[in-house]
Amino acid sequence: LLRQGNSDPVQHVVDCTGAEFRLSQGGPMFQSLLEAGILTEHHAGGAVCHPGTLQADQAGGGVFVMGHLVRSAHYMTSGLTYCLIHASMVSAVLREKVKAP
């Protein structure tokens, strides 16, 4: 987690900020992730992410996006059904990471 030039290791961060399409106009967390190169803003809005896993960080460190932030990978992004599908995709990847030695 990046904060005022310092970093603190964290295992999970859940940000429930709502329907922000432009990461560059988001809050300090998004600003830090963009500046550090962890997230990349997609021209259509949201974050560049893998369409099958919703993993958004290019290094594979475990940053995932859901909801409106997956606009780069999925056309339909809002509504309870889509959020449940996104959560299921992310949880499948996280389960595999926990199984890995």
Side-chain angles (χ1 to χ4, degrees):
L1 182 64
L2 305 175
R3 156 189 73 167
Q4 297 177 348
N6 299 317
S7 64
D8 294 320
V10 296
Q11 205 164 17
H12 304 284
V13 173
V14 177
D15 180 39
C16 301
T17 58
E20 179 60 60
F21 293 133
R22 293 282 171 210
L23 297 179
S24 57
Q25 296 173 2
M29 183 182 79
F30 287 123
Q31 294 298 319
S32 293
L33 293 170
L34 288 168
E35 289 170 10
I38 295 170
L39 288 182
T40 302
E41 186 170 30
H42 191 270
H43 65 86
V48 173
C49 66
H50 186 281
T53 65
L54 304 182
Q55 192 154 4
D57 60 322
Q58 305 306 311
V63 176
F64 299 86
V65 292
M66 293 174 39
H68 292 292
L69 296 179
V70 303
R71 292 171 60 117
S72 67
H74 296 272
Y75 178 71
M76 301 300 286
T77 62
S78 62
L80 181 58
T81 303
Y82 296 109
C83 289
L84 289 172
I85 291 168
H86 297 162
S88 176
M89 293 168 71
V90 170
S91 67
V93 174
L94 293 176
R95 279 194 310 271
E96 288 302 314
K97 286 183 178 242
V98 169
K99 289 181 191 177

Minimum heavy-atom distance between [X] and [Y], given as atom pair plus value:
X     : Y     : answer
Leu23 : Ala47 : CD1-CB, 3.7 Å
Arg22 : His43 : NH2-O, 3.0 Å
Leu34 : Leu39 : CD2-O, 3.4 Å

**Request:** List in chain and number order the residues that pass side chain to side chain contact (heavy atoms under 4.5 Å, CB included) with Thr53, two or more places apart in sequence or in another chain; answer none if no residue qualifies.
**Result:**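 Thr53: side chain to side chain contact (heavy atoms under 4.5 Å, CB included) contacts with His50, Gln55, Val93.
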**Request:** Could you pull out all residues at least two apart from Ser24 that satisfy side chain to side chain donor-acceptor pair (under 3.5 Å)?
**Result:**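 Only Glu41 meet the side chain to side chain donor-acceptor pair (under 3.5 Å) criterion with Ser24.
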